[in-house]
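The block underneath contains the structure these notes are about, expressed in structure tokens.
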There are 2 protein chains.
Amino acid sequence: METDNFDLQDFLPYLLNQAAEASSLEFQKYYKNRYGMLRTEWRVLFHLGLYGQLTASEIGQRARMHKTKISRAVHRLTERRFVTRRRDEDDRRVEHLALTRQGLAAYAELRDVAQRYDAELLNALDPAEAELLRRVLRKLSEARPGGFT
Amino acid sequence: METDNFDLQDFLPYLLNQAAEASSLEFQKYYKNRYGMLRTEWRVLFHLGLYGQLTASEIGQRARMHKTKISRAVHRLTERRFVTRRRDEDDRRVEHLALTRQGLAAYAELRDVAQRYDAELLNALDPAEAELLRRVLRKLSEARPGGFT
DNA sequence: GCTTGTTAGTTACAAAACCAACTATTACAA
DNA sequence: TTGTAATAGTTGGTTTTGTAACTAACAAGC
């Protein structure tokens, strides 16, 4: 309760959320209309497309997604024949996930769209800004600000 | 997996979402635990705290929130006696919203927490980076990338 | 006056996210 | 070997959001 020198437009979490929402919107529309996918499904698809075979836990760690989200995303992706599951022989709790031919095709298309989309977003920025932005965002993604009270 | 020069870690919408989530987490916990607020409610509260009396539509425009979100947020905030509504005399469709004494107190506390939290996030960055980041994020928030197909 | 269109805000129902409890399997120690 | 804890993943019930339809009030044309 001090002097009111605070501005929402400077508050980083707010700014980040606004920018994230605005910059995801059009791409989101695309994978939703084209494949009826949710964000969780898109993310799982991309992880499998990029890194090949993974388990649900591995995806969870990389994408920082909760396991229930992954479970449901995988469920829907297998229904649509984009993903196959294979039980691990040694540890029968884990499942190895991989893209089917269809899944791979969808991934390839969406990846291209994403690339073009990204390029268009970056048009608004100059290259130095863009690189700095990515670096800073990665830093913030890992930041775990502790007790601020 | 073909000519694969695409990396999820470079895709701006993904990076932004990750950074936004990570950087909002602790603050979100705070207003949730302390006041049982949702993000929408926090945003409405802040807009009223910062700009004084506003209508729901005005908040919607500034915060880029859909009117149904605002409607529900305002409903809950009035239930908790953080916000009052006053019908406009001339145009009886519109309601002027304002913070109560309680609402103002909550706002003041959360604003201080937000300020400290923001400062802590910025610790990871040097001042020049921080300023650039804000500028770029504001730019991206307004960007409306059209047809990228 | 009426009719049509627009705007402010709410509500209803469906979709999705969240959280906690659950099953099945493995690990490990007494 | 048996009991306890840990891990992989799923399911159920509640909240929250999204979408579209709705009410109420104004506006503008005729």
Side-chain angles (χ1 to χ4, degrees), chain A residues 17-18 20-22 24-26 28-29 31-33 35-45 47-48 53-80 83-98, chain B residues 17-18 20-22 24-26 28-29 31-33 35-45 47-48 53-80 83-98:
Chain A
N17 269 295
Q18 296 289 81
E21 258 177 58
S24 304
L25 199 66
E26 287 298 319
Q28 187 165 18
K29 273 188 202 159
Y31 61 69
K32 187 175 174 185
N33 292 337
Y35 292 107
M37 282 187 195
L38 306 175
R39 180 158 47 185
T40 50
E41 293 161 38
W42 167 77
R43 285 193 183 178
V44 167
L45 187 88
H47 278 268
L48 291 173
Q53 199 179 61
L54 292 172
T55 69
S57 307
E58 287 167 341
I59 297 176
Q61 287 175 296
R62 290 174 192 256
R64 296 177 202 262
M65 275 168 72
H66 194 266
K67 56 184 181 174
T68 61
K69 275 191 190 175
I70 311 232
S71 175
R72 286 175 165 128
V74 168
H75 180 76
R76 295 190 49 172
L77 288 170
T78 53
E79 270 182 348
R80 289 161 201 221
V83 167
T84 54
R85 323 163 93 118
R86 188 176 56 72
R87 263 296 155 217
D88 184 288
E89 308 265 306
D90 297 333
D91 185 342
R92 289 161 32 69
R93 288 169 303 183
V94 339
E95 280 184 333
H96 300 283
L97 306 169
Chain B
N17 269 295
Q18 296 289 81
E21 259 177 56
S24 303
L25 199 66
E26 287 299 319
Q28 187 164 20
K29 273 188 203 160
Y31 61 70
K32 188 175 175 185
N33 291 337
Y35 293 107
M37 281 188 195
L38 305 173
R39 185 171 27 200
T40 50
E41 294 161 37
W42 166 79
R43 286 192 182 179
V44 167
L45 188 86
H47 278 269
L48 291 173
Q53 198 179 63
L54 293 171
T55 70
S57 308
E58 285 166 342
I59 296 176
Q61 286 176 295
R62 289 175 194 254
R64 295 176 202 263
M65 277 168 70
H66 194 267
K67 58 183 181 174
T68 61
K69 276 191 189 173
I70 311 229
S71 175
R72 291 196 257 241
V74 168
H75 180 76
R76 296 191 47 172
L77 287 170
T78 53
E79 269 182 349
R80 290 160 202 221
V83 167
T84 53
R85 323 163 94 118
R86 188 177 55 71
R87 263 298 154 216
D88 185 287
E89 308 266 307
D90 296 334
D91 185 342
R92 289 157 36 68
R93 289 170 303 182
V94 340
E95 280 185 332
H96 300 282
L97 305 169

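Numbers restart at 1 for each chain; the letters A, B, ... are given by sequence-line order, proteins then strands. Basis for what follows: all heavy atoms, side chains included, without hydrogens, waters or symmetry-related copies.
Residues forming a side chain to side chain donor-acceptor pair (under 3.5 Å) with S71(B) (at least two apart in sequence, or on another chain): none. Partners of T68(B) by side chain to side chain contact (heavy atoms under 4.5 Å, CB included), not counting sequence neighbours, listed by chain and number: H66(B), R72(B). For D88(B), the side chain to side chain contact (heavy atoms under 4.5 Å, CB included) criterion is met by D90(B), D91(B), V94(B), H96(B), not counting sequence neighbours. Qualifying side chain to side chain donor-acceptor pair (under 3.5 Å) partners for Y35(A), counting only residues two or more places apart in sequence or in other chains: E109(A). For R87(B), the salt bridge (charged side-chain N to carboxylate O under 4.0 Å, His left out) criterion is met by E95(B), not counting sequence neighbours. Partners of S24(B) under the side chain to side chain contact (heavy atoms under 4.5 Å, CB included) rule, at least two apart in sequence or in another chain, are P13(A), N17(A). Looking at residues two or more places apart in sequence or on another chain, you find no side chain to side chain donor-acceptor pair (under 3.5 Å) involving R80(B). For L38(B), the side chain to side chain contact (heavy atoms under 4.5 Å, CB included) criterion is met by T40(B), E41(B), R76(B), not counting sequence neighbours.
When the shell of 6.0 Å around CZ of R92(A) is examined, it contains 12 or fewer heavy atoms from other residues, nucleotides or ligands.
R85(A) comes within 4.0 angstrom of sugar-phosphate atoms only, judged by non-hydrogen atoms across all strands, and of no base. Among the protein residues, R87(A) comes within range of no part of the nucleic acid, since none of its heavy atoms lies under 4.0 Å from any strand.
Axis angle, first five pairs versus last five pairs of the helix from dG1(C)-dC30(D) to dA30(C)-dT1(D): 0°, rounded to 10°.
Comparing K32(A) and E58(A) by the nucleotide of DNA chain D whose heavy atom lies nearest to each, the residue mapping closer to the 5' end is E58(A).
Between the P atom of dT11(C) and the NZ atom of K69(B) lies a distance of 19 Å, rounded to the nearest Å. Note: CD (Q61(B)) to P (dT7(C)) measures 11 Å, nearest angstrom. When rounded to the nearest whole Å, the span between NE2 of H66(B) and P of dT11(C) equals 15 Å. Note: CD (E95(A)) to P (dA24(C)) measures 14 Å, nearest angstrom.
Bounding nucleotides for the chain B contact on DNA chain D, 5' to 3', at a heavy-atom distance below 4.0 Å, are dT16(D) to dC26(D).
Within the structure, a side-chain polar atom (N or O) of S57(B) is placed less than 4.0 Å from OP1 or OP2 of dG9(C). Proximity of K67(B) to the phosphate of dT10(C): no side-chain N or O atom is located under 4.0 Å from OP1 or OP2.
Side-chain N or O atoms of E58(A) include one that pairs as donor or acceptor with a backbone N or O of T55(A) at under 3.5 Å.
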- Taking it one step at a time, do M37(B) and K32(B) satisfy side-chain contact (heavy atoms from CB on, under 4.5 Å)? CA-CA 5 Å; M37(B) 281 188 195; K32(B) 188 175 175 185; over 6 Å; no
- Show the numbers, then the answer: is there a side-chain contact (heavy atoms from CB on, under 4.5 Å) between V83(A) and L97(A)? CA-CA 7 Å; V83(A) 167; L97(A) 306 169; 4.2 Å; yes
- Is there a side-chain contact (heavy atoms from CB on, under 4.5 Å) between R62(A) and H47(A) once you walk through the steps? CA-CA 8 Å; R62(A) 290 174 192 256; H47(A) 278 268; 3.7 Å; yes
- Item | Residues L48(A), Q53(A); criterion side-chain contact (heavy atoms from CB on, under 4.5 Å); working and verdict | CA-CA 6 Å; L48(A) 291 173; Q53(A) 199 179 61; over 6 Å; no
What protein N or O atoms touch nucleotides 25-27 of chain C N or O atoms at under 3.5 angstrom, if any, and at what distances?
{"residue": "dT25(C)", "atom": "OP1", "partner": "R92(A)", "partner atom": "NH2", "Å": "3.4"}
{"residue": "dT25(C)", "atom": "O2", "partner": "R93(A)", "partner atom": "NH1", "Å": "3.2"}
{"residue": "dT26(C)", "atom": "OP1", "partner": "D90(A)", "partner atom": "O", "Å": "3.4"}
{"residue": "dT26(C)", "atom": "OP1", "partner": "R92(A)", "partner atom": "N", "Å": "3.0"}

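DNA chain C lies under 4.0 Å from at least one heavy atom of each of the following residues of residues 70-79 of chain A: R72(A), R76(A).
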